[in-house]
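Let me begin by presenting the structure, written as structure tokens, before commenting on it.
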Number of protein chains: 2
Amino acid sequence: MVTLQDIALAVGVTPTTVANALKGRGNVSEATRQRILKCAEELRYRPNMLARSLAQGKTYTLGFLLPTIANPFYPEIAEAVERTANQHGYQMLLCNTLYDSALGQQHLDRLISRWIDGVIIMGSSMDISAASMPFQQGLPTVLCDWQEDEVVGNFPQVSVDFRTAGRIAAQHLLDLGHHHLAIIVDEPQQTLRLEGFCSALQTAGLPLATEMIEQGHSTLESGYAAAQRLLALPTRPTAIFATTDWMALGTIEATLDAGLQVPQDLSVIGLDDIAISAHIRPPLTTVAVPKFQLAKEATELLFGLIDETPDLPLSRLIEPTLVIRRSTTAHTTDD
Amino acid sequence: MVTLQDIALAVGVTPTTVANALKGRGNVSEATRQRILKCAEELRYRPNMLARSLAQGKTYTLGFLLPTIANPFYPEIAEAVERTANQHGYQMLLCNTLYDSALGQQHLDRLISRWIDGVIIMGSSMDISAASMPFQQGLPTVLCDWQEDEVVGNFPQVSVDFRTAGRIAAQHLLDLGHHHLAIIVDEPQQTLRLEGFCSALQTAGLPLATEMIEQGHSTLESGYAAAQRLLALPTRPTAIFATTDWMALGTIEATLDAGLQVPQDLSVIGLDDIAISAHIRPPLTTVAVPKFQLAKEATELLFGLIDETPDLPLSRLIEPTLVIRRSTTAHTTDD
DNA sequence: GTGAAAGCGCTAACAA
DNA sequence: TTGTTAGCGCTTTCAC
């Protein structure tokens, strides 16, 4: 590796001058600057970021923690974060916690050892106490896509109004005339969605029975299994709200495998609006989370913290929207 | 940040001794070791990786370049790579090139400036000349999922036998009695798949007509559009090979939107076996790429290079396998 | 067993 | 305009 020294020696000046020349700082004569630039070019000089970071205390690196990039909710977000980071001259360390707080802790420890400039932690990656550690260490930290009231301290965060999301889902199904509703939810991480859903039903005078609440685990397969259980009920629901699209896809598959039609025999509504949802049969009705906005605002907030921008609003809540496709329909038959 | 110095001062020894104690090197008395460990604990000492890396010339970091993590082929691979890296004490910088060689170059430059220990570059991320740069710089580099004969030098690589994959797809359709075949392919990156497909048809005495070759661009939408063009042909094909599952999903969607049935009116076969493919209607028949194996072997090869393991086989070719689901069926009608 | 000293490659403050 | 100096926090070698 060629260093500033090497260039300095070759050109016959000191490392400082070389540094100044390369950085374009004013105080170098045009003549020597040219000689230096030429020499750096020829020797294929590459600044050593490690040394620079050590000297400056800045690494131009950020960490991004999520449960698993294999869950199709995350890739678009990760790409957007990385792209934005890149535009700021940053690169991104990607960390899958695999829903394991201890692994998440380990990742955070390593990230801090690396002196990263900031970190974004997605909800479900780890529990809040683990996630609050970097914050306490003074590391710029943004929580993204957490349940807004799970975050007790006023940690910087960008989240989705999941209570409203649950309410929107319920209201859509109610508007379609459904009375027998069920929900597949990954508790306790998604309690807010459940709450919103229940409260809307309550208001409509149709409180949700306990057996109509099934537990999922963020995978398509768990959605499939939960749906099977719901469909086997004596009085089966006419509509199911799966609190993630990924589970909703499993729900649809289970329904079709049971010889039923979606939406004729069962309406299904998801939450997220992942890419594939628009392209399956039937296209999935869902409560869309603006993923790009989520990523953008989280990254901007993080850079705001890193740059110590004054008067930064530390908490942002993003509103979900209903996307009606063809997996839900009006309930018509006897009831 | 608390440093070795701080602990040394607190305990009343020198930084060297502290370092030795923490590293468990033999030459520290049990008494002082305990004092040091206790103190480090209390002061919440965290080693500064930057300083260590600068001193050792090793960063415990690797780079992973891919076109875009938003393409559902990559997340599982990325997760497997990161997980393996993690087990070796490494973390992973994720870089989306967005199919742009210049952006890929920039990423590589930055990675090299960071003194990363190694890099894995996925096919389609950038052109081979850009990808060969880190290799020439002496950086341990593994190409993953490239067209095997695109890689002229003997760069370390782990790839899929795409020619065979194309052949398998053709043979499956031929075995089902199809005579009117078409292919949707993203050239020139996927030429090998096309070649394999064509050669099998040639052998069967059914050479592929030019109009039966449609260009896609790695997106579901491009598969949709390409399929539309094929279905509008005077004699439309009875079976389509889409060279990625993602495009195959678009193909199925276009077919259904055209009022046709899959597989009754059109058989569709993909390549990749992404997670969703098993769960759509109809479940997609595809030539499966062992993604986990791909990731594992690429990462192992990379660590082999980093550790300078002797007698390392530098090139590995992975065989794809046929997964028959329900998007293909025998061709029965008049022909 | 413990310590002193030099060095990794760069930046930053100050001097000439 | 250029150079000197010190220092970022750690590792490593060698001396005590």
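Residue contacts shown for B:Thr16 include a base, since a base heavy atom lies under 4.0 Å away. Across all strands shown, B:Thr3 has heavy atoms under 4.0 Å from sugar-phosphate atoms exclusively, and none from any base. Nucleic acid contact class of A:Ser53 (heavy atoms, under 4.0 Å, all strands): none. When heavy atoms are screened at a 4.0 angstrom cut-off, A:Pro15 is found touching no nucleic acid atom at all. Within 4.0 Å (heavy atoms only), B:Lys23 reaches sugar-phosphate atoms of the nucleic acid but no base atom.
With C:dA4, C:dG7, D:dC8 as the candidates, the nucleotide lying closest to the side chain of B:Ala55 is C:dG7. When the nucleotides D:dG9, C:dG3, C:dC10 are ranked by their closest atom to the side chain of B:Ala51, D:dG9 comes out on top. Side-chain proximity of B:Gln56 to D:dC8, D:dT11, C:dC8: nearest is D:dT11. When distances are taken from the side chain of B:Arg52 to each of D:dT11, C:dG9, D:dG3, the shortest belongs to D:dT11. Closest contact between the side chain of A:Leu4 and the listed nucleotides C:dT11, D:dT1, D:dT11 involves C:dT11.
Scanning all heavy atoms of the two residues, the minimum distance from B:Tyr60 to B:Met49 falls at CD1-CE, 3.7 Å.
For the pair B:Phe155/B:Thr141, no side-chain contact is recorded, criterion being any heavy-atom separation below 4.5 Å from C-beta on. Side-chain contact between A:Leu111 and B:Gln91: present, with at least one pair of heavy atoms (C-beta onward) separated by less than 4.5 Å.
Between the P atom of D:dA6 and the CG atom of A:Leu54 lies a distance of 18 Å, rounded to the nearest Å. The OH atom of A:Tyr45 sits 10 Å away from the P atom of C:dG9 (whole-angstrom rounding). Summarising the geometry, the separation between CD on A:Gln5 and P on C:dG7 is reported as 11 Å, rounded to the nearest angstrom. Atom CZ in A:Arg46 sits about 21 Å away from atom P in C:dC8, given to the nearest Å. Rounded to an integer number of Å, the gap from NZ of B:Lys58 to P of C:dG7 is 24 Å. When rounded to the nearest whole Å, the span between CH2 of B:Trp115 and P of C:dC8 equals 10 Å. Between the CG atom of A:Leu50 and the C1' atom of C:dC8 there is a distance of 9 Å, rounded to whole Å. With rounding to whole Å, A:Ile36 atom CD1 is found 13 Å from D:dT1 atom P.
Both B:Gly12 and A:Val2 lie close to DNA chain C; mapped to their nearest nucleotides by heavy-atom distance, the more 5′-ward contact belongs to B:Gly12.
For the side chain to side chain donor-acceptor pair (under 3.5 Å) test with B:Ser218, the passing option among B:Asp186, B:Asn71, B:Thr68 is B:Asp186; the others fail. A side-chain contact (heavy atoms from CB on, under 4.5 Å) with A:Met92 is found for exactly one of A:Leu62, A:Thr84, A:Ile120, namely A:Leu62.
The same atom, P, is picked in D:dT2 and in C:dG9; the two are 25 Å apart, to the nearest Å.
Between B:Thr17 and C:dT2 there is no side-chain N or O to OP1 or OP2 distance below 4.0 Å.
With A:Phe292 as the aromatic partner, A:Lys296 does not meet the cation-pi criteria of under 6.0 angstrom to the ring centre and within 45 degrees of the ring axis.
Stems are defined here as 3 or more consecutive Watson-Crick or G-U wobble pairs with pairing distances under 3.5 Å; those involving DNA chain D are C:1-11 with D:6-16, C:13-16 with D:1-4.
Counted by atom type alone, B:Arg33 and B:Asn20 present zero donor-acceptor pairs between their side chains at under 3.5 Å.
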